[in-house]
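Here is the structure we will look at, set down as structure tokens.
Index from 1, following the sequence. As the structure is a prediction and not an experimental result, all values here were calculated from the model. Computed over heavy atoms, backbone and side chain alike; hydrogens, waters and symmetry mates excluded.
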Amino acid sequence: MAEPLLDRALRASRRLRVNGESRAHYVICGQDPLAYWVVRTLLAGETQAGRVRITLIVPERRRSPGPDGRDLPGIEVIRADRLDEVTFRRAGLAEAAGLALLHQDDVGNMHAALCAQEVESRLRLVVRMFNTGLANGVRQIFPDSAVLSDASMAAPAFVAAALGEVAPTHFRHGGRTLYVARRDDVRPSEIVCGVADTGDAQQDLVLPADDRDADVVLAEAVGRPLVRARRRRRPVAVVLRAVRSFATRKIGIAVLVLLAMVAALGGLYANAAHVGWSDALYLTLVTTLTGQDPDPAKSAAEQVMQVVLNLAGLALIPLITAVVVDGVVNARLALHTGRILPERSGHVVVVGLGNIGTRVMAQLNDFGVEVVAIDKSADARGAGLARRLGVPLVVGDAAQEETLRAASVATCQALVVVSTDDGANLRAALNARALDDQLRVVLRLFDGDFAERVQRAFGIGTSRSVSYLAAPSFAAALLDRAVIATIPVGRHALLVTEVPVAAGSDLDGRTLATVGRAGSVRLLAHAGAPVPREATE
């Protein structure tokens, strides 16, 4: 326990005197919009955290279409394709207060962390990782570290938007379980504070000055279940959809026409032979499928019906064979290409099984919502999990109408588009809207400003930037703040953090009433008055 405290004291002493001011130095490594938004968040919070000096390490060439922070003013940029001891020494890591490794490469980030340890062993380390097994390994090697997943932070916002509900966020702290809910769904005595006013469809107002204006609140769970009931699939409808999709449309029509003709001929046969319907059915089926020996003693009408039924049988047997063969071939193609042939309704379609798409798919499945996934590759990161969960995977380009129809987008309750290509995401969303103009679309876009403009221009209900939602948590971890939970609200992310009040800090000696600020900070609880320990930022 003493070792981390010693490390914190060492970092506190690492201050650079620039123009007479003390500035903490942070090194950030990244190549996508997450690095950009983390830098932006650190620069925007300078007044609260003190002035900071930021060194950003980026590759020589841009590797993603979005911003990566290299063009931001007021920071030092080092271009290097390899994160090793030489690069970290160039960045001044030995005198830095913290290092953030934000690449989308778990193993690469682990290697970079080990290289950084060779330069400075006592270092505040913030690592972006998807694999939880590697995350535990990093924490064991680097006790003073924070391992975060932007996908885990942002996924609840996408899930909530897809279901048309508030983010299913809950956490336990101080002996209480708190969760986010709509004001109308909780009792007034359970409300802890207001979270957001979502009355304006164009802009959410977070942490309003008056809690009574908030329709989304943070409440205490008192004997309330926090898990959504499973939505049951109707077995009869599933069987009917499977039968409908067993053969192609043309073969199905041919079989129905021929069966109708056989039924009509059977009726005429029964009338000509003067037999009952049960005997007529037997004679018709036997004559059609196997034929009968000729009998000159039969009447002319019976002989004509027998000949016609034998001819119909010659056509019916190949059609039955064609239906069976077509069904087997379609099943094999479905297994090989991932095309989903049975029609569905009321499900959620998730496009892109990368980091965020895999998390969204898993959370929807946990809530009992039927999911269909789409990805260009059958070997996508989340393909294995989809198979284990029994989630159908359509392999194809979601921007193509054929792929969207294969996933029954026209009858789904929501489409969540979270691939890593902004252009493909937008095309998929617009093509899906062409199939159903009332479809709820949740769109991932890397650029937060672009996401907001698309939401207004195209009438797409919700657009999200994963990097924008996750950046505050990474910045808070780099500043050594204890992040308890992340609450996504629309295109915003609120952090529940513990803030120790040190002697001589801005909060030292101030009353609790002066801690909160409308739109940015809300005090939830404090320990050892007047020391606030938990605030929402």
Side-chain angles (χ1 to χ4, degrees), residues 34 37-38 40-42 44-45 47-49 146 148-161 165-174 176-183 185-186 190-200 203-221 226 356 359 363 448 451-452 462-499 507 515-526 532-537:
L34 180 59
W37 284 112
V38 169
R40 285 278 304 269
T41 303
L42 289 172
T47 55
Q48 288 81 27
L148 306 177
S149 168
D150 55 331
S152 297
M153 296 174 191
F158 287 90
V159 172
E165 302 174 3
V166 297
T169 303
H170 64 275
F171 58 93
R172 184 167 180 80
H173 189 68
R176 299 188 299 172
T177 298
L178 305 180
Y179 69 106
V180 180
R182 296 198 180 277
R183 180 182 292 273
D185 297 336
V186 298
E190 298 174 353
I191 297 176
V192 177
C193 74
V195 172
D197 179 5
T198 61
D200 187 352
Q203 184 177 8
D204 296 325
L205 177 62
V206 297
L207 300 179
D210 191 345
D211 278 350
R212 293 173 296 183
D213 295 334
D215 57 340
V216 177
V217 299
L218 188 65
E220 182 177 2
L226 300 180
I356 183 66
R359 300 284 189 186
Q363 289 191 17
E452 184 176 356
T462 310
S463 58
R464 298 282 186 267
S465 167
V466 174
S467 304
Y468 181 82
L469 290 172
S473 294
F474 281 87
L478 193 58
L479 295 173
D480 208 4
R481 294 178 180 173
V483 179
I484 299 170
T486 302
I487 302 176
V489 179
R491 295 187 59 253
H492 303 277
L494 303 178
L495 302 184
V496 180
T497 66
E498 284 188 351
V499 181
L507 293 178
V515 173
R517 290 194 304 274
S520 59
V521 178
R522 181 60 48 88
L523 179 67
L524 299 182
H526 65 93
R533 293 187 56 199
E534 183 178 339
T536 300
E537 298 186 356

Pairwise distance [atom1]([X]) to [atom2]([Y]) - rounded to 0.5 angstrom:
X	Y	atom1	atom2	value
Leu523	Cys193	CG	SG	9.5 Å
Asp197	Asp213	CG	CG	6.0 Å
Asp150	Ile356	CG	CD1	7.0 Å

So [Y] and [X], do their side chains get closer than 4.5 Å, heavy atoms only?
X	Y	value
Tyr468	Arg40	no
Phe474	Met153	yes
Val216	Arg182	yes
Leu479	Leu42	yes
Val206	Val195	no

Are the side chain of [X] and the backbone N or O of [Y] linked by a donor-acceptor pair below 3.5 Å?
X	Y	result
Arg522	Pro208	yes
Asp211	Gly194	yes
Arg183	Val217	no

Which pair of non-hydrogen atoms, one from [X] and one from [Y], has the smallest distance, and what is that distance?
X	Y	result
Leu495	Pro472	CD1-O, 3.2 Å
Val186	Ala181	CG1-CB, 3.8 Å
Tyr179	Glu190	OH-OE1, 4.1 Å
Ser152	Pro156	O-CD, 3.2 Å

**Message:** One pair to check against side chain to side chain contact (heavy atoms under 4.5 Å, CB included): Val180 and Leu218. What are the steps and the verdict?
**Reply:** CA-CA 5 Å; Val180 180; Leu218 188 65; 4.1 Å; yes

